[in-house]
Asker: 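Submitted below is the structure of interest, expressed as structure tokens.
What's counted below: heavy atoms across the whole structure, side chains too, no hydrogens, waters or symmetry copies.
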Amino acid sequence: LSPGKPKKKEYSLREVSTLATASEWKIKPLSPNVLVLDYCKYKTKGEWSELLPLWRARRQIVSEGLGTSFALRFEFEVKTNPRDKNIKLAMETPWLFKIKINGKEVTWKDEGSWVDDCLRVMNITNYLREGKNEIELEGRVGIEPELENLFLIGNFGVELASKGASAIVEEHIPKETSNLVSQGYPFYVGSFELSNEFSYDAGANDRIILKLEGLKASLAVVYVNGQEAGKIFMYPFSLDITRFTRKGKNDLRIKVVGTLRNAFGPLHYAGGDPAWIGPEQFEDERHWTDDYVLKPIGLEKVEVVVYEKVS
């Protein structure tokens, strides 16, 4: 008979203390900001229409039949000097349209894609001005008349307003972590990096557990002293970081990973997302609101807790 393996000694954990972090987190967006352009005016002949959600304008245009010539006008305000904001236009099938920005015809110079290969990108900073701006698309109704939202991406903040009236403003880095969306990033689709530090006097039997409360993101990636310590995305929203800590000061970074939802919607479904989301929820007349219905991104509270092994 082979000898059995010795039974592991069992122990429990007793909470000893909570380590203090700095009162303010350093917050850094890791991707360009986004402004969604989803309201426009249109014309097929005669005068421009009233301001409409793009999908309603598309419905009216398509109803006039295959081959109908049309124009769309997207209006937005820039409340800062756009020159250093590196603003790019992202749109689908730009080659199908004659594009004008502030009355100047634009020759599309493709600079790759954003989020998806079908969303093509071009830098339009030099076409923009402080104040009111207009992007006009001229096209013709084809067999598959897809007219999709436009997106502006760049180094700016967004002042949120209903019915497509959101404006580009100077970028202000968020100051608190609970809802980063409400601090100038309503349509943001990237990640935020939250940085802090804590001090620790090491004990031989200690376990250091990081706890997150109120995580509003798809994922949190935790780094301690420059090393990835793990990922948090489900209950109990905690992580053992003991082997990454050291005596004295420790650097803590948490990458809060957002989703695509606040840029791609549904953005106007009153009361928040239903249990089931399909194409119909993006054009639901009964539940439509001109306000933007957004999902928060952030976390409410971070604790670094010291536990002691107790036999």
Asker: Distance only, no hydrogens: is a donor on one side chain within 3.5 Å (strictly under) of an acceptor on the other, for Arg253 and Ser195?
Answerer: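 Judged by distance alone, the side chains do not pair up.
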Asker: Is the charged tip of Arg73 near the ring of Trp48: under 6.0 Å from the six-membered ring centre and within 45° of its axis?
Answerer: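 Yes, a cation-pi geometry holds between Arg73 and Trp48.
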Asker: Which heavy-atom pair separates Phe187 from Ala263 by the least distance, and what is that distance?
Answerer: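 Taking every non-hydrogen atom into account, O-CB, 3.5 Å.
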Asker: Would you kindly confirm whether Leu212 and Tyr235 end up in one hydrophobic cluster when ILVMFWY residues are joined by side chain heavy atoms under 4.5 Å apart?
Answerer: yes
Asker: Would you check if the side chain of Ser178 reaches a backbone N or O of Glu300 as a donor-acceptor pair within less than 3.5 Å?
Answerer: no
Asker: Would you say the side-chain atoms of Glu170 and Thr80 include a donor-acceptor pair closer than 3.5 Å?
Answerer: yes
Asker: For the pair Asp240 and Arg243, find out whether any cationic side-chain nitrogen is under 4.0 Å from an anionic carboxylate oxygen.
Answerer: no
Asker: Is it the case that the side chains of Asn86 and Asn123 hold a donor-acceptor pair, with the cut-off being a distance below 3.5 Å and no angle test?
Answerer: yes
Asker: So, is the end of the Arg207 side chain (NZ or CZ) under 6.0 Å from the ring centre of Tyr307 and within 45° of the ring's axis?
Answerer: no
Asker: How long is the span from the OG1 atom in Thr177 to the CG atom in Leu215, to the nearest 0.5 Å?
Answerer: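 Spacing of OG1 (Thr177) from CG (Leu215) equals 10.5 Å.
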Asker: What is the ring orientation for His268 with Tyr292, classed by angle as parallel under 30°, tilted 30 to 60°, or perpendicular over 60°?
Answerer: tilted
Asker: Less than 6.0 angstrom from the centroid, inside 45 degrees of the normal: does Arg56 satisfy that with respect to the ring of Trp288?
Answerer: yes
Asker: Looking only at side chains, do Asn149 and Tyr39 share a donor and an acceptor under 3.5 Å apart?
Answerer: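 No donor-acceptor contact under 3.5 Å links the two side chains.
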Asker: Going by atom types only, do Tyr185 and Glu171 share a side-chain donor-acceptor pair under 3.5 Å?
Answerer: yes
Asker: Is any side-chain heavy atom of Tyr269 less than 4.5 Å from a side-chain heavy atom of Pro274?
Answerer: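 They are in side-chain contact.
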Asker: As an exercise, state the distance from CD1 of Ile209 to OG1 of Thr242, rounded to the nearest 0.5 Å.
Answerer: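 Separation between the atoms: 5.5 Å.
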Asker: To the nearest 0.5 Å, tell me how far Leu89 CG sits from Ile101 CD1.
Answerer: 6.0 Å
Asker: Less than 6.0 Å separating the ring centroids of Phe233 and Phe237?
Answerer: no
Asker: Could you measure the distance from the CG atom of Leu37 to the CG atom of Asn133? Nearest 0.5 Å is fine.
Answerer: 10.0 Å
